[in-house]
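Worksheet for the structure shown next.
Nothing here was measured: the structure is a model prediction, and the numbers come from that model.
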Amino acid sequence: MTVEATTIDVAQFGKVAVLMGGLSAEREISLLSGNAVLSALKKQGVDAHGIDADESVVKKLVDGNFQRVFIVLHGRGGEDGTMQGLLEVLRLPYTGSGVMASSLAMDKLKTKQIWLAMGLPTPDFAILDSAQSCTQALETLGLPLIVKPVLEGSSIGMSKVEREDELTAAWQKAQQCGGTVIAERWIEGNEYTAAVLNDQVLPMIKLKTTHKFYDYDAKYEAEDTQYICPCGLSAEQEATFARLIKDAFNAVGASSWGRVDFIVDQQDRPWLIEINTVPGMTSHSLVPMAAKQAGLSFEELVLNVLAMARCEKC
């Protein structure tokens, strides 16, 4: 599919704050994403200003007299509804999903529970909160497993468990991130990602890595990770999966833009993995790749996202 570029009057945006950095474990990636967005907006003539979302972010936003906010914060404190709630209080239109959708999508466990309640396919899982629960997870899910903290992005704290004696260490590693830890049944197959922009699913990307899974290093540092777009799916398959992606995205109330990751197993069955409501915007990032395949430049992509900024109380 292609997306027609529309002429956008940048004067309508007024003074724009690009929120980046923040205090989460994904701070460095957020700074890379944020500076890329800031540069693109400035090239298009937008009066954009970079704001590091530290403890003084409220003062910066109020004193700056901004009219709109582009959120490029990844992880807790920026992608989880916290910043969205603050901007609602300040009555500042912002990019991306609202408070509830951001909070739900950030929580992998809550997202999976909603998907399961709606009959959408996602791998079986177990909550890990004790040594006994680890033993039970092995019995019910089998090996291999993927262990992950539910409140982190960028694969931080995640481990693939291939042997029984690896599970306790993987659980303890994920625990260090704080919050709930889950073990998920490993799905053998090909990993894909689907970007959503203004209710349209962009061309899907197939991910290939030499790592055990698409981990932090594979995402941001490895030079041998392959991003295949067009992804090789038939037009019929991609259309079918696109309907699933929209259902998964809408299930948590997500809006504007985002990304849904999924795996297609060896029987060609799709399995939903997670939603990102503030996807990465670095040189390695997936949404810009999908947008390019759909005919949108990076600059056109960020203008489209900014044009959809809104505030429920404004």
Query raised in the report: Given V181 and V150, is the side-chain contact (heavy atoms from CB on, under 4.5 Å) satisfied, shown in steps?
Result: CA-CA 6 Å; V181 176; V150 302; over 6 Å; no
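- When all heavy atoms of L306 and F13 are compared, the closest pair comes out as CD2-CD1, 3.5 Å.
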Query - Residue pair R27, S30: steps toward the side-chain contact (heavy atoms from CB on, under 4.5 Å) verdict - result: CA-CA 5 Å; R27 173 179 169 80; S30 173; 5.6 Å; no
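- A donor and an acceptor atom, one from each side chain of R259 and T193, are located under 3.5 Å apart.
- For the pair S159 (side chain) and A170 (backbone), a donor-acceptor distance under 3.5 Å is absent.
- A salt bridge does not link D80 with R76: every distance from a Lys NZ or Arg NE/NH1/NH2 to an Asp or Glu carboxylate oxygen is 4.0 Å or more.
- With sequence neighbours left out, K60 forms a salt bridge (Lys or Arg N to Asp or Glu O under 4.0 Å) with D54.
- Judged purely by atom type and a 3.5 angstrom limit, K246 uses its side chain to pair as donor or acceptor with the backbone of D199.
- I187 belongs to a hydrophobic cluster whose other members, connected by ILVMFWY side-chain contacts under 4.5 Å either directly or through intermediates, are I263, W271, I273.
- Residues forming a ring pair (Phe, Tyr, Trp, His ring centres under 6.0 Å) with F249 (at least two apart in sequence, or on another chain): none.
- In terms of the salt bridge (Lys or Arg N to Asp or Glu O under 4.0 Å) criterion, D247 has no residue partners (sequence neighbours excluded).
- Nearest heavy-atom pair across K42 and A48 is CE-O, 3.3 Å.
- Between the side chain of E191 and the backbone N or O of K206, no donor-acceptor pair lies under 3.5 Å.
- Looking only at atom types and distance, the side chain of H74 has a donor-acceptor partner in the side chain of S33 under 3.5 Å away.
- In terms of modelled atom types and a separation under 3.5 Å, the side chain of Q293 and the main chain of A290 share no donor-acceptor contact.
- Inter-residue side-chain proximity for K208 and N190 is flagged as unmet; no heavy-atom pair is nearer than 4.5 Å.
- Across all their heavy atoms, W115 and A248 have their closest contact at NE1-O, 3.2 Å.
- A search for ring pair (Phe, Tyr, Trp, His ring centres under 6.0 Å) contacts involving F125 returns nothing, not counting sequence neighbours.
- Of all heavy-atom pairs spanning V72 and V278, the tightest one is CA-CG1, 3.9 Å.
- Between the side chain of E299 and the backbone N or O of L41 there is no donor-acceptor pair closer than 3.5 Å.
- Salt-bridge check for K160 with E166: failed, with every basic side-chain N at 4.0 Å or more from each acidic carboxylate O.
- The main-chain N or O of D107 is found under 3.5 Å from a side-chain atom of T111 such that the two form a donor-acceptor pair.
- Note that CZ of R68 and CG of D47 are 13.0 Å apart. Values are rounded to the nearest 0.5 Å.
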Which atom pairs, one a donor and one an acceptor, fall under 3.5 Å between side chains of residues 90-103 and the rest of the protein, sequence neighbours left out?
unit_1: R91; atom_1: NH1; unit_2: K313; atom_2: O; d: 2.5
unit_1: Y94; atom_1: OH; unit_2: E88; atom_2: OE2; d: 2.8
unit_1: Y94; atom_1: OH; unit_2: R310; atom_2: NH1; d: 3.4
unit_1: T95; atom_1: OG1; unit_2: I71; atom_2: N; d: 2.9
unit_1: S97; atom_1: OG; unit_2: S255; atom_2: N; d: 3.0
unit_1: S97; atom_1: OG; unit_2: S255; atom_2: O; d: 3.4
unit_1: S102; atom_1: OG; unit_2: S97; atom_2: O; d: 3.3
unit_1: S102; atom_1: OG; unit_2: G98; atom_2: O; d: 2.7

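- Between F262 and F241, the ring-plane angle classifies as perpendicular under the 30° and 60° cut-offs.
- The number of heavy-atom neighbours closer than 6.0 Å to CD of E164, taken from other residues, nucleotides and ligands shown, is 12 or below.
- The line from CD of E188 to CD of Q267 is 11.0 Å long, rounded to the nearest 0.5 Å.
- The backbone N or O of A126 sits nowhere less than 3.5 Å from a side-chain atom of Q136 that would complete a donor-acceptor pair.
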